[in-house]
> 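The structure follows.
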Amino acid sequence: MERIAVIDFETNGLSPGSSCRATEIAVILVENGKMVDRYQSLMNAGVWIPSDIERLTGISNRMLKSAPPASEVMQEAARFVGNTPLLAHNASFDKKFWDYELGLLGQRRTQDFACSMLLARRLLPQAPNHKLGTLNRYLGLPDTGRAHRALADTEMAANLALYLASHLQQHYGLAEVTHGLLCKLQKQPAAKVKVWLQGLSV
DNA sequence: TGCCAGGCCCTCTTTAGGGCCTT
């Protein structure tokens, strides 16, 4: 698979805004079937983490106090990603935080997001559910550490993306799985995905 | 004070409702 940037945000809520911001980001660059580089940092956006989210992520208000400013971290993350195509699990979530945080820097995203959740729903409809952790266990992928921390979740999403790319190559004889193909695939109606893929492999 | 997301997808659908998934 061509070079892609897999990302994951931890946040203090579900929808970005003045009181809801990213608290941690991780990015893993994947190229030729391998993870080749990574970036991870907590970030302090001056927001409060409610206790239920602190329990979920393990990221505390005390940890954020000593974390670098969000603007600094996002500058670094944006530079690290550059124009590399993006992928995340349930990308609609990470996309809105990526766009919001970049917008505060006066920057705009130029590349598309592929979504490992939409892809897994199409390629692995038999899975118990399509949560990241469930898919990881269901497929026997490596344990990456504490779930709901950005780097561990990004590694899970990267392993899942590599599995899905390999699945496409093995089951449909695709010579190369590109980010563009993944973006088209995730938009296909689930009921028609097999026929669509079989058409590609001819 | 009280409010508290949103895109995707299925179905007992399309003049809608509700579950999934992310924190």
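FYI, side chains are in, hydrogens and waters are out, and symmetry mates aren't considered; it's all heavy atoms of this structure. Convention: sequence-line order gives letters A, B, ...; per-chain numbering from 1.
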> Within the structure shown, what part of the strands sits under 4.0 Å from A:Phe9 by heavy-atom distance: base, sugar-phosphate, or nothing?
sugar-phosphate
> Atom CG of A:Asp99 to atom P of B:dG7: distance rounded to whole Å?
12 Å
> In this structure, how many angstroms lie between the P atom of B:dT22 and the CD1 atom of A:Ile25, rounded?
18 Å
> Rounding to a whole Å, what distance do you find between A:Phe113:CZ and B:dC8:C1'?
16 Å
> Could you measure the distance from the NZ atom of A:Lys96 to the CZ atom of A:Phe9? Nearest 0.5 Å is fine.
12.0 Å
> Of the listed nucleotides (B:dC21, B:dG6, B:dC8), which one gets closest to any side-chain atom of A:Leu118?
B:dC8
> So, taking the atom named OG1 in A:Thr57 and the one named CG in A:Leu42, what distance separates them when rounded to the nearest 0.5 Å?
9.0 Å
> I want to check one thing: is the phosphate of B:dT22, taken as OP1 and OP2, less than 4.0 Å away from some side-chain N or O of A:His89?
yes
> For the CG atom of A:Asn159 and the CD atom of A:Glu155, what is their distance to the nearest 0.5 Å?
7.0 Å
> Report the nucleotide, chosen from B:dC8, B:dC21, B:dA5, that has the shortest atom-to-atom distance to any side-chain atom of A:Asn90.
B:dC21
> Looking across every strand, which nucleic acid part, if any, lies under 4.0 Å from A:Ala91 by heavy atom: base, sugar-phosphate, or nothing?
nothing
> In whole Å, measure the gap between the C1' atoms of B:dC10 and B:dT23 for me.
25 Å
> Using a heavy-atom cut-off of 4.0 Å across all strands, would you classify A:Asp8 as base, sugar-phosphate, or nothing?
sugar-phosphate
> Write down the distance between CZ (A:Arg21) and P (B:dC4), rounded to a whole number of angstrom.
23 Å
> What is the separation between atom CG on A:Asp112 and atom P on B:dG7, rounded to the nearest whole Å?
16 Å
> Hey, which of these two, A:Ala190 or A:Ser15, hits DNA chain B nearer its 5' end, going by closest nucleotide?
A:Ser15
> Compute whether any side-chain donor of one residue and acceptor of the other, for A:Asn83 and A:Thr110, lie under 3.5 angstrom apart.
yes
> Separation of A:Ile53 atom CD1 from B:dT23 atom C1', in whole Å?
5 Å
> For the atom pair NE2 (A:His130) and CG (A:Asn90), what is the distance rounded to the nearest 0.5 Å?
12.5 Å
> Drop me the distance from A:Ile28's CD1 to A:Ile7's CD1, to the nearest 0.5 angstrom.
11.5 Å
> What is the distance from CG of A:Leu160 to C1' of B:dC21, rounded to the nearest Å?
13 Å
> I'd like the C1' distance from B:dT1 over to B:dG7, given in whole Å.
30 Å
> With nearest nucleotide decided by heavy atoms, which residue, A:His130 or A:Lys187, maps closer to the 5′ end of DNA chain B?
A:Lys187
> Checking all strands, does A:Asn129 fall into the base, sugar-phosphate, or nothing category for heavy-atom contacts under 4.0 angstrom?
sugar-phosphate
> Say we look at B:dG2 and B:dC8: how far apart would their P atoms be, to the nearest angstrom?
34 Å
> Taking the P atom of each, how far is B:dC12 from B:dC20, in whole Å?
16 Å
> Please give, in whole Å, the distance from B:dC8 P to A:Lys131 NZ?
21 Å
